[in-house]
Amino acid sequence: MRSASIARKVHKWLFLFVGVQALLWTLSGVCMVVMDLDFIHGDHLVKNLREPLPTEQGTLAPTQSLLERYSGVKSIQLKALQGNPYYVVNTGEGAHLIDARSGRQVSPIDGDRARALAEHYYTGSLPAVSAELITDNPPTELQSRALPLWRVNFDDRYGTSFYVDPDTGALVTRRHNYWRAFDFFWMLHIMDYEERADIHNPLLLVISIVSLTGVLAGLILLFYSFARREKAAGTAATAGGAQ
């Protein structure tokens with residue numbers, strides 16, 4: 001019975017210490033499981049992510065001229081934006097968006113163009129209400145994505161924000177209030193209260209080990225609890241037979 005006494009003390013004191021976090025793990029885990037991931041990713045909010053090239057492209061600027069204009073070219077991609085062909089020239093200094101017909105560089109795009117592109121990617125019918133170029137101090141919801149980015153907001157029921165790359169016109173990511181709630185629960189779950197990305201942080205490791213120890217102590221208590229009930233039942237049966 002000494003083992004049971006030790007297990008009881010370990011179980012009690014450890015869960016006094018980690019009980020709140022254990023509750024948060026359960027609560028956040030349930031919330032994340034019941035949420036549909038496609039919805040959380042905002043798939044219902046976007047369109048035109050893979051726009052086909054126009055069938056009538058006209059005469060395009062030769063790529064040789066781009067190789068001569070830019071140094072350190074790593075790749076050249078031809079893609080469509082709002083029905084028009086564009087080159088994306090990637091160099092060691094970054095990306096450049098080129099009108100494929102005129103050969104004119106159109107990047108970095110301004111706020112009006114960012115809003116127009118965001119509305120082009122948006123499945124809703126509401127116009128964008130604001131556009132902000134983020135060059136530093138990015139919001140947590142951007143995680144580790146490279147700056148600068150245009151943040152374009154929509155006044156819809158989801159609180160939607162689109163992030164558009166000013167150098168390529170691409171939609172980098174989208175966020176909405178349900179994603180933000182999911183991210184909050186994810187933060188509680190992994191206990192990374194700053195970056196919300198590190199699942200190997202020391203705090204999570206320590207609390208996990210302490211919780212596991214408490215659970216093992218609880219299992220030992222459970223074993224002794226069943227053993228005691230079986231012993232009590234056997235004693236009662238013996239007493240009944242003697243009568």
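Worth knowing before you read on, the calculation uses all heavy atoms, side chains too, and leaves out hydrogens, waters and symmetry mates.
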Main-chain N/O of Ala61 paired to Ser65 side chain as donor or acceptor, under 3.5 Å: no
Tyr70 vs Gln105 side-chain heavy atoms within contact, under 4.5 Å: yes
Under 3.5 Å: donor-acceptor pair, side chain of Trp150, backbone of Ala131: no
Pro139 vs Arg151 side-chain heavy atoms within contact, under 4.5 Å: yes
Heavy-atom closest pair, residues Ala197 and Asp192: N-OD2, 3.0 Å
pair Val89-Val73: side-chain heavy atoms closer than 4.5 Å: yes
Trp25 atom CH2, over 12 foreign heavy atoms within 6.0 Å: yes
Side-chain heavy-atom pair Thr213, Val10 within 4.5 angstrom cut-off: yes
Worked verdict on Asn201 versus Asp198 for side-chain contact (heavy atoms from CB on, under 4.5 Å): CA-CA 6 Å; Asn201 67 79; Asp198 184 9; 3.7 Å; yes
Atom of Asn90, atom of Ala95 and distance for their closest heavy-atom approach: OD1-CB, 3.5 Å
Atom of Ile109, atom of Gly169 and distance for their closest heavy-atom approach: CD1-CA, 4.4 Å
Same cluster (ILVMFWY, side-chain, under 4.5 Å), Phe185 and Val20: yes
Any Val172 side-chain heavy atom under 4.5 Å of Leu142 side chain: no
Pair His96 and Tyr87, ring centroids less than 6.0 Å apart: no
ILVMFWY network linking Tyr122 to Val46, side-chain heavy atoms under 4.5 angstrom: yes
Shortest non-hydrogen contact between Asp183 and Arg196, atoms and distance: OD2-NH1, 2.8 Å
Salt-bridge present (Glu51, Lys79; N to O < 4.0 Å): no
Straight-line distance of Leu149 CG to Asp165 CG, nearest 0.5 Å: 6.0 Å
Spacing of CE belonging to Met32 relative to CG belonging to Leu188, to within rounding of 0.5 Å: 8.5 Å
Other residues, nucleotides, ligands: >12 heavy atoms within 6.0 Å of Glu195 CD: no
Hphob cluster co-occupancy, Leu78 + Leu97, side-chain heavy atoms under 4.5 angstrom: no
Pairwise distance CG(Leu216) to CG(Leu221) - rounded to 0.5 angstrom: 11.5 Å
Residue pair Arg145 / Thr173, side-chain heavy-atom distance below 4.5 Å: yes
Test of ring centre spacing under 6.0 Å for Phe162 and Tyr121: no
CG on Asn177 to CZ on Phe182, rounded to 0.5 Å: 15.0 Å
Ala114 versus Val152, closest heavy-atom pair with distance: O-CG2, 3.9 Å
ILVMFWY cluster, Val33 and Leu37 together (side-chain gap under 4.5 Å): no
Trace of the side-chain contact (heavy atoms from CB on, under 4.5 Å) decision for Leu117 with Leu171: CA-CA 8 Å; Leu117 282 170; Leu171 178 63; over 6 Å; no
From CA spacing to verdict: salt bridge (charged side-chain N to carboxylate O under 4.0 Å, His left out), Glu141, Arg174: CA-CA 9 Å; Glu141 65 186 31; Arg174 59 272 190 182; over 6 Å; no
Salt bridge Arg115-Asp110, side-chain N to carboxylate O under 4.0 Å: no
Heavy-atom side-chain proximity of Phe184 to Trp179 below 4.5 angstrom: no
Cluster overlap Ile209 with Leu212, hydrophobic side-chain contacts below 4.5 Å: no
Nearest heavy atoms of Val164 and Ala118, plus distance in Å: CG2-CB, 4.4 Å
Gln77 and Tyr86: side chain donor to acceptor below 3.5 Å: no
Worked verdict on Arg180 versus Ser161 for side-chain contact (heavy atoms from CB on, under 4.5 Å): CA-CA 11 Å; Arg180 296 177 182 108; Ser161 299; 3.1 Å; yes
Distance, nearest 0.5 Å, that separates CD1 of Ile199 from NE2 of His189: 10.5 Å
Neighbour count above 12 (heavy atom, 6.0 Å) for Lys47 NZ: yes
Test item: Ile98 and Arg104 side chains (from C-beta on) under 4.5 Å apart, heavy atoms: no
Exercise: do Asp167 and Ser107 side chains pair donor with acceptor under 3.5 Å: no
From Leu126 atom CG to Asp156 atom CG, the distance as rounded to the nearest 0.5 Å: 6.5 Å
Presence of salt bridge, Lys74 and Glu93, under 4.0 angstrom: no
Stepwise side-chain contact (heavy atoms from CB on, under 4.5 Å) check, Leu60 with Arg101: CA-CA 4 Å; Leu60 302 184; Arg101 292 191 178 113; 4.1 Å; yes
Tyr178 atom OH, over 12 foreign heavy atoms within 6.0 Å: no
Proximity of His176 and His44 rings by center, below 6.0 Å: yes
